[in-house]
Amino acid sequence: MKIILTPDWFTQFDVSIEIFSFIILALFFAFSLKSYRLNKNKKCLYLGIAFLLIAIGELATILTKFILFYDTTFTQNIGRMIVTYNITQSVDIFYKTGFFLHKLFTLAGLYILYKFPMKKLSSGDVLLAFFFLIISALAGQQIFHIFHIAVIILLVLIINNFYITYQKSRLENTKILIISLSILTLSHIMFMLSLKGIMYALAQIMQLVSYVILLIIIIKILKNEKNIFKYYRRK
Amino acid sequence: MKKISSNTIEENESAGKKRTRIEVISDILRVILEKKGSIKPTHLMYKANLSHKSLNLYTSQLIKSQLIIKTQNQKDNKNMFEITPKGMAFYKQYSQVREFEKTFGL
């Protein structure tokens, strides 16, 4: 059974794109944490946890793919051991666990990202939601469409929340965030259709574009300094 | 002219909310920066929308944390509040965080 859909010529880019995504998510986590430390707003903490979970999900897939693509000793050993059925099973478990953790953490992070603006969270709802997230992640191991459908649903709900925010604030950064998440949603639609390697590569490139757009938000926030000190520099 | 970000006075007035401690501190620092780094206490009180009591309370806290210093104007010998490099760094950090929060509707 083919574990991943990455075409051979795309393996290097594949891992690089995921490392880049991980860095961006870690930056968003750092900003959320900094924000929570300054004003003790719990919503900032939830936002940070959401980014952290998605980042851990990315890290799980990076490590699994890294061993799969680059660790030749590990893969050679697999080749030597493959004759034994039981060992083959354990090797399968390693990859399956890696990709399962990626799915579970991504879904959990997206769920928190969807839920964090809500005023009150009922523990029953959260428990029920996490049960369905685990089911989706487990089912996504066999039928990968299920994972992508769950991600798309969550992303659409998140975009809707941010669109409501944008209608109130008309902030450019929120608009950029919506654009980025929309591209990410499109990339997951493409992942669903990626029966051929080229489609998978295109979906990964779209994911890269969405994370580059997220990076623009960080750059814009950091460059805000110019605006702040324009009064002071006139001195 | 476009106002600088993190003006919590206007934000909270329109939302009918009371400013938090950190928001008042950021407003004080912003007002001092808008006045090119130093300001008279009465101007600060008026521009940061503070009572006399709150002004004394917050400025003493800010002086203690070395975010501002109390100086004297060379021309008229009157008291002035001046922002320190530490105060500028704090305001820069706070403004970035505020901008980040606003992006997510917080």
Side-chain angles (χ1 to χ4, degrees), chain A residues 27-48 50-51 113 116-118 158 161-178 180-181 214 216-235, chain B residues 1-8 10-12 14-15 17-39 43-44 47 65 67-68 71 80-106:
Chain A
L27 282 172
F28 271 87
F29 166 67
F31 255 110
S32 311
L33 204 65
K34 202 163 128 182
S35 177
Y36 174 69
R37 276 182 184 162
L38 267 177
N39 54 24
K40 303 286 172 210
N41 183 350
K42 274 199 172 174
K43 283 184 180 177
C44 297
L45 184 67
Y46 296 143
L47 186 66
F51 284 118
L113 206 54
F116 89 98
M118 319 266 166
I158 293 164
N161 279 350
F162 288 136
Y163 183 68
I164 294 165
T165 304
Y166 175 69
Q167 278 183 322
K168 285 179 196 162
S169 66
R170 294 273 155 195
L171 264 175
E172 205 188 329
N173 282 355
T174 314
K175 191 164 89 179
I176 297 170
L177 182 69
I178 292 168
S180 162
L181 292 174
L214 281 181
I216 292 170
I217 295 177
I218 294 173
I219 293 168
K220 280 191 82 209
I221 288 170
L222 293 175
K223 278 199 170 178
N224 191 36
E225 176 194 350
K226 273 185 189 170
N227 203 15
I228 297 162
F229 293 103
K230 69 180 176 189
Y231 294 90
Y232 191 74
R233 280 178 188 142
R234 276 193 218 137
K235 199 176 177 180
Chain B
M1 190 168 67
K2 201 187 165 200
K3 274 256 175 191
I4 58 172
S5 60
S6 302
N7 190 342
T8 52
E10 284 171 13
E11 275 175 29
N12 287 317
S14 61
K17 279 193 278 180
K18 199 181 166 211
R19 283 180 293 171
T20 61
R21 186 178 162 271
I22 192 96
E23 283 171 345
V24 175
I25 290 171
S26 106
D27 282 331
I28 291 172
L29 297 175
R30 177 184 54 81
V31 167
I32 302 175
L33 271 171
E34 280 179 2
K35 280 283 173 182
K36 300 173 186 178
S38 64
I39 194 170
H43 286 184
L44 179 62
K47 288 199 176 274
S65 10
L67 298 178
I68 59 169
T71 56
M80 300 284 282
F81 287 119
E82 209 170 290
I83 193 163
T84 62
K86 193 181 170 187
M88 280 195 278
F90 176 83
Y91 185 73
K92 180 185 159 187
Q93 207 177 35
Y94 180 78
S95 302
Q96 285 173 351
V97 160
R98 191 69 204 107
E99 197 69 16
F100 176 78
E101 286 174 4
K102 283 199 279 183
T103 304
F104 290 93
L106 292 170

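Lettering of chains follows the sequences in order, A, B, ..., and the numbering in each one begins at 1.
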task = Might you work through the side chain to side chain contact (heavy atoms under 4.5 Å, CB included) test for A:N41 and A:S35, ending with a clear yes or no?
result = CA-CA 8 Å; A:N41 183 350; A:S35 177; 6.0 Å; no
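With a 4.5 Å cut-off on non-hydrogen atoms, A:F31 touches chain B through its backbone and its side chain both. Proximity to chain B is limited to the side chain of A:L177, based on heavy atoms less than 4.5 angstrom apart. Only the side chain of A:I217 has a heavy atom closer than 4.5 Å to any heavy atom of chain B. Within the 4.5 angstrom heavy-atom criterion, atoms from both the backbone and the side chain of A:T174 approach chain B.
Considering all non-hydrogen atoms of both residues, B:F100 and A:L47 come closest at CE2-CD2, 3.8 Å.
Here the side chain of A:S32 pairs a donor or acceptor atom with the backbone of A:F28 at under 3.5 angstrom.
Paired with B:K47 under the rule side-chain contact (heavy atoms from CB on, under 4.5 Å), one option of B:E34, B:K35, B:R30 passes, and it is B:K35.
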